[in-house]
Protein chains: 6
Amino acid sequence: MPKQISGRNQLPGRIIALNFGDILAEVTVQVGDQVVDAVITRRSAENLKLAVGDPVTMLIKATEVMVIKDVSDD
Amino acid sequence: MPKQISGRNQLPGRIIALNFGDILAEVTVQVGDQVVDAVITRRSAENLKLAVGDPVTMLIKATEVMVIKDVSDD
Amino acid sequence: MPKQISGRNQLPGRIIALNFGDILAEVTVQVGDQVVDAVITRRSAENLKLAVGDPVTMLIKATEVMVIKDVSDD
Amino acid sequence: MPKQISGRNQLPGRIIALNFGDILAEVTVQVGDQVVDAVITRRSAENLKLAVGDPVTMLIKATEVMVIKDVSDD
Amino acid sequence: MPKQISGRNQLPGRIIALNFGDILAEVTVQVGDQVVDAVITRRSAENLKLAVGDPVTMLIKATEVMVIKDVSDD
Amino acid sequence: MPKQISGRNQLPGRIIALNFGDILAEVTVQVGDQVVDAVITRRSAENLKLAVGDPVTMLIKATEVMVIKDVSDD
């Protein structure tokens with residue numbers, strides 16, 4: 001049975017780098033023209049058997065996103 | 001003097017929808033082929049004078065991103 | 001194809017209350033003996049067609065959890 | 001004087017595992033039938049003198065919780 | 001019995017403004033020379049009986065904080 | 001062109017300690033009378049060339065802040 005997740009931002013991409021630390025792992029993903037970085041627990045990365053080249057989806061809650069605006073000074 | 005921010009994920013795009021609530025505002029941004037949603041305070045949205053069509057950058061800390069993997073059952 | 005999510009904390013329960021605001025919705029879920037509250041976007045709650053009584057899973061990233069310890073003063 | 005905290009989700013349990021990294025520590029807690037994982041700074045874990053067996057409370061802000069729904073395809 | 005919380009950043013101050021929305025409340029606090037804003041659930045604000053003038057402590061997990069640096073262009 | 005960021009809490013200070021782990025870095029900043037800790041990726045700390053003594057601004061989204069109230073028992 002498929003799952004649906006409330007997190008509004010679900011960005012599909014492919015893992016281009018993986019970096020394992022003692023407790024965490026850094027997962028770098030190519031999403032279209034952008035690169036998106038996730039820091040998750042090492043244990044989760046191992047449970048998911050993440051590997052470079054894997055297609056994955058980056059999940060981000062809308063309340064976690066800030067907005068930057070360039071402001072001209074006129 | 002320009003500012004540099006530690007948040008690793010900075011996705012440039014353009015506002016396609018704005019929805020003002022009592023305390024928060026929802027900012028919907030086209031980022032390449034993807035749509036990214038931010039929920040920020042209404043006050044911040046007003047201070048930044050956000051408007052549909054504005055070029056903005058979505059800022060997301062790497063520790064806030066989860067990874068979803070499709071798992072085949074073989 | 002089933003999905004696997006890196007978020008370490010996935011607590012199964014049943015929705016006991018739903019409260020819709022202008023931008024957000026509050027989802028209250030019975031998880032064993034505990035009650036867990038989520039605030040998500042109203043739009044996500046509508047997309048998922050959440051209703052009281054629905055079985056759901058609460059998803060929480062380990063980096064979002066704090067620990068409280070009772071400290072005796074001896 | 002007791003303190004009251006705004007974080008809506010306060011789940012009582014007992015530490016079943018502790019894993020110290022260079023900067024962070026992973027705290028695994030049995031909460032009823034569920035296991036909940038927290039990643040906090042190593043320094044906080046040391047200040048609180050956390051140890052396996054300690055009764056603790058897991059503190060989670062409602063805005064950090066996502067909801068997953070199983071979706072049948074009929 | 002006093003509680004100790006793992007959240008590293010605990011900034012004491014006094015509430016200078018309160019703004020109640022449908023689901024959330026915005027709590028504005030003077031912390032030394034700075035003003036710090038929290039958005040919490042309305043229900044939590046009511047349970048804590050928050051009022052302008054109350055001494056409170058703002059609690060922020062270290063993993064939620066970003067760093068901005070001014071960069072000169074030499 | 002200067003940037004404006006939606007994050008409501010921007011606390012100026014000076015770095016008093018830096019601690020590099022394998023994936024993350026801990027940045028400790030004096031903000032007025034308070035000390036504020038940030039945990040960011042090691043890579044971001046290196047990109048920003050952070051060093052003890054640097055003036056920086058701590059950026060915190062209002063939705064990440066909790067409120068603690070002392071409660072007398074009368």
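Just so it is clear: chains get the letters A, B, ... in the order the sequence lines come, proteins before strands, and each one is counted from 1. Note that the structure is a prediction, hence the values are computed from the model and not measured.
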Which atoms of [X] approach chain D - backbone, side chain, both or neither, heavy atom under 4.5 Å:
| X | answer |
| --- | --- |
| E:Val27 | neither |
| E:Ile5 | both |
| E:Glu64 | side chain |
| E:Ser6 | both |

Any non-hydrogen side-chain atom of [X] less than 4.5 Å from a side-chain atom of [Y]?
| X | Y | answer |
| --- | --- | --- |
| E:Lys3 | D:Thr57 | no |
| E:Gln4 | D:Lys49 | no |
| D:Lys61 | E:Ile40 | yes |

Open item on the list: Counting heavy-atom pairs under 4.5 Å with chain E, which one of D:Gly7, D:Ala45, D:Ser44 comes out on top?
Closed with: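 Most heavy-atom pairs within the cutoff with chain E belong to D:Ser44.
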- [ ] Measure the OG1-CD1 distance between E:Thr63 and D:Ile23 for me, rounded to the nearest 0.5 Å.
- [x]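 Answer rounded to 0.5 Å: 12.0 Å.
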